[in-house]
2 protein chains.
Amino acid sequence: MTGTTPSQTREVLRQAPWLRAYPPELGERLLAEGRLVRRAIGEWAQAEGDDRGGLVVVIAGQLHSYCAAPGDRTVMIGLVSPGAVLGHATRFSGGPRLVTAVCVEPTILLELTEAALDRVAAHRPELWRAIADFTYANMRSVLQLAAETVALGPRERLVARLLAAAERRAEPDTAEAPVIRISQELLGEMAGLTRKTANHHLSALARSGLIALGYGCIRLLDRAALQRIISG
Amino acid sequence: MTGTTPSQTREVLRQAPWLRAYPPELGERLLAEGRLVRRAIGEWAQAEGDDRGGLVVVIAGQLHSYCAAPGDRTVMIGLVSPGAVLGHATRFSGGPRLVTAVCVEPTILLELTEAALDRVAAHRPELWRAIADFTYANMRSVLQLAAETVALGPRERLVARLLAAAERRAEPDTAEAPVIRISQELLGEMAGLTRKTANHHLSALARSGLIALGYGCIRLLDRAALQRIISG
DNA sequence: CAACGACTGTTACGCTCGTTACAATTGATG
DNA sequence: CATCAATTGTAACGAGCGTAACAGTCGTTG
């Protein structure tokens with residue numbers, strides 16, 4: 001689960017959506033100038049309010065991202081998987097972090113300081129464009145999240161979050177039935193539902209044959225039908 | 001309502017949150033290189049999917065911003081007031097527009113083409129930093145929107161949207177009781193509620209003396225108490 | 001001033017979700 | 001293998017929102 005071999009690291013950088021369109025040397029440069037660090041379960045990759053510069057690229061493992069809500073509440077925004085970048089909003093604006101990311105698996109991060117980014121950009125100016133691409137995609141997904149949450153009913157929201165979790169996986173879905181490793185409680189939290197209600201809807205979906213429920217994981221059996229639920 | 005005098009235009013650029021920290025010459029440059037255009041009620045300032053570059057600064061009037069949601073629905077994201085920038089996500093990434101903005105008042109926009117931006121930046125490189133500031137603030141408010149929608153109950157959501165609408169007004173709230181010009185129906189839509197439910201909660205708030213309801217407008221009487229509702 | 005449209009207030013009913021509580025199952029730890 | 005924590009399934013009750021329909025009020029337009 002914590003693949004650290006150099007070839008696996010390179011593969012993550014090659015397959016990351018925001019780097020895929022650029023020559024592999026860009027990823028190589030990032031790897032050369034950055035620093036690989038391990039984080040255990042429960043540790044932060046970054047904390048909301050932290051104002052150090054630089055970027056962090058997730059190489060292996062998985063994180064949950066949270067955002068502060070009024071009344072000392074925290075809201076889980078989504079899953080952060082290998083290939084994702086943390087800190088880009090700060091990098092561009094100098095403001096404090098917007099989200100807190102907590103490791104839920106042993107995680108490997110590629111830390112890039114401001115100086116390291118400048119060194120890479122000196123040889124490969126397209127770096128900024130690549131990071132801008134990621135920022136744009138991220139903004140799009142946040143906007144999508146907000147729109148779905150307002151427009152969709154609870155059941156549709158749940159399905160939408162499930163599909164979003166599936167999409168965010170860096171691995172290309174070779175298997176016809178991708179397995180999402182997430183508890184029903186967490187999925188419900190992301191949709192603003194209690195575990196009970198989440199369970200209720202998921203059971204109904206399982207009875208319809210659209211998904212299969214396991215212990216701490218969900219298998220998507222009919223992705224097209226799930227998509228129709230939130231589109232209809 | 002459609003103040004076009006040069007001094008009013010300059011004042012908007014001076015007071016815009018993302019420009020306030022920079023010398024007034026930056027705003028002057030933008031004004032000199034950009035083009036002022038009028039838009040009537042119902043016209044677009046920009047449309048989702050539009051992929052022309054450049055930026056638009058709102059000088060006078062008001063717009064509603066919408067975002068596409070699954071199932072051919074559109075969700076109103078918020079009010080766009082003088083001082084706001086449209087098109088920044090596209091400017092940085094080259095992707096298509098993320099939101100559609102429609103004028104709900106006669107509106108004056110300052111259109112800045114890619115070439116105009118480059119000309120301004122040649123003399124005032126801090127332009128990019130200023131726009132990055134705006135992008136960051138915008139991302140923050142969208143994230144806030146999503147978090148509130150998930151974490152808060154319907155009534156609290158409604159209050160949150162009301163306060164957000166009040167904050168987004170460029171005018172400094174000199175009056176102790178700022179007046180928000182928005183229909184209950186629209187406010188309800190932004191909170192994902194029907195007009196009936198929005199009315200119900202607003203009436204209760206009015207009976208408690210926290211707000212005063214008018215025809216197409218809402219007056220905030222006790223902002224601190226409203227804030228406590230969503231924080232408690 | 002008169003008529004029209006837009007906005008606001010109110011009613012009753014049904015459905016869905018949250019709360020609380022308990023039981024069964026899986027996986028990990030020693 | 002035994003034990004414990006985490007996760008999942010289920011029940012009954014109450015509260016809140018959505019739907020649908022209608023009446024009253026404000027502002028504007030001719």
Side-chain angles (χ1 to χ4, degrees), chain A residues 1 40-42 62 64 71 73 75-76 102 104-106 149-162 165 179-208 211-219 229-230, chain B residues 1 40-42 62 64 71 73 75-76 102 104-106 149-162 165 179-208 211-219 229-230:
Chain A
M1 190 53 61
I41 293 176
Q62 192 170 54
H64 290 170
R73 281 169 283 231
V75 173
M76 182 170 165
V102 178
V104 293
E105 291 178 7
T149 311
V150 173
L152 270 47
R155 180 165 128 266
E156 288 80 20
R157 267 192 335 242
L158 194 67
V159 175
R161 297 299 138 81
L162 191 58
V179 175
I180 315 298
R181 287 194 35 225
I182 190 171
S183 76
Q184 297 183 6
E185 178 150 25
L186 207 50
L187 193 62
E189 189 188 329
M190 286 169 63
L193 301 173
T194 60
R195 181 187 67 81
K196 147 89 191 65
T197 307
N199 177 326
H200 175 70
H201 290 303
L202 290 172
S203 301
L205 291 171
R207 274 195 298 276
S208 305
I211 63 175
L213 297 176
Y215 182 82
C217 66
I218 298 170
R219 205 146 44 98
I229 286 179
I230 63 178
Chain B
M1 191 50 60
I41 293 176
Q62 193 170 52
H64 290 171
R73 280 169 284 232
V75 173
M76 183 172 163
V102 178
V104 293
E105 291 177 7
T149 310
V150 173
L152 271 47
R155 181 166 129 266
E156 289 81 19
R157 269 196 331 245
L158 195 67
V159 175
R161 296 299 138 80
L162 191 57
V179 175
I180 315 299
R181 286 193 38 223
I182 190 172
S183 77
Q184 296 182 7
E185 177 150 25
L186 207 49
L187 193 61
E189 188 189 329
M190 285 169 65
L193 300 174
T194 60
R195 183 185 65 81
K196 141 103 191 63
T197 307
N199 177 325
H200 175 70
H201 290 304
L202 290 172
S203 301
L205 291 171
R207 275 194 298 276
S208 304
I211 63 176
L213 297 176
Y215 181 80
C217 65
I218 298 170
R219 205 144 45 100
I229 286 179
I230 63 178

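Keep in mind that what you see is a predicted model, and the values were worked out from it rather than measured. Chain identifiers are assigned alphabetically (A, B, ...) following the order of the sequence lines, protein sequences preceding nucleic acid strands; residue numbering begins at 1 within each chain.
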Of all the heavy-atom pairs spanning Q62(A) and R181(A), show the shortest one and how long it is. OE1-O, 4.3 Å
Say you draw a straight line from CG of N199(A) to CG of L158(A); how long is it, rounded to the nearest 0.5 Å? 10.0 Å
Taking all atoms of both residues into account, what is the closest heavy-atom pair of Q184(A) and A198(A), and its distance? O-CB, 3.9 Å
Heavy atoms only: give me the nearest H64(B)-L186(B) pair and the separation to one decimal. CE1-CD2, 2.7 Å
Any idea which heavy atoms bring A160(B) and I230(B) closest together, and the distance? N-CG2, 3.8 Å
Taking only residues two or more places apart in sequence or in another chain, which ones pass side-chain hydrogen bond (donor to acceptor under 3.5 Å, both in side chains) with T194(A)? T197(A)
Between atom CG in L186(B) and atom P in dA6(C), what is the gap in whole Å? 14 Å
For a 4.0 angstrom threshold against heavy atoms of chain B, report the outermost contacting nucleotides of DNA chain D in 5' to 3' order. dC17(D) to dG27(D)
Pick out the pairs of N or O atoms, protein on one side and nucleotides 22-26 of chain C on the other, that lie under 3.5 Å.
from, atom 1, to, atom 2, distance (Å)
dT26(C), O2, Y215(A), OH, 3.2

For V159(B) and I229(B), work out which heavy atoms get closest and say how close. CG2-CG2, 4.2 Å
Counterpart residues, side chain to side chain contact (heavy atoms under 4.5 Å, CB included), relative to H200(A) (two or more places apart): K196(A)
Among all residues two or more places apart in sequence or in another chain, which pass the side chain to side chain contact (heavy atoms under 4.5 Å, CB included) test with R219(A)? A177(A), V179(A), A212(A), L221(A)
What's the CZ-P distance between R219(B) and dT8(C), to the nearest Å? 15 Å
To check you understand the geometry: which heavy-atom pair defines the closest contact between R161(A) and M190(A), and what is its length? NH1-O, 2.7 Å
Are Q184(B) and dA6(C) close enough that a side-chain N or O sits under 4.0 Å from OP1 or OP2? no
Under 3.5 Å between N/O atoms: give me all the protein pairs with nucleotides 15-19 of chain C, atom names plus distance.
from, atom 1, to, atom 2, distance (Å)
dC17(C), OP1, H201(A), NE2, 3.0
dG18(C), OP2, T194(A), OG1, 3.3
dG18(C), OP2, T197(A), OG1, 2.2

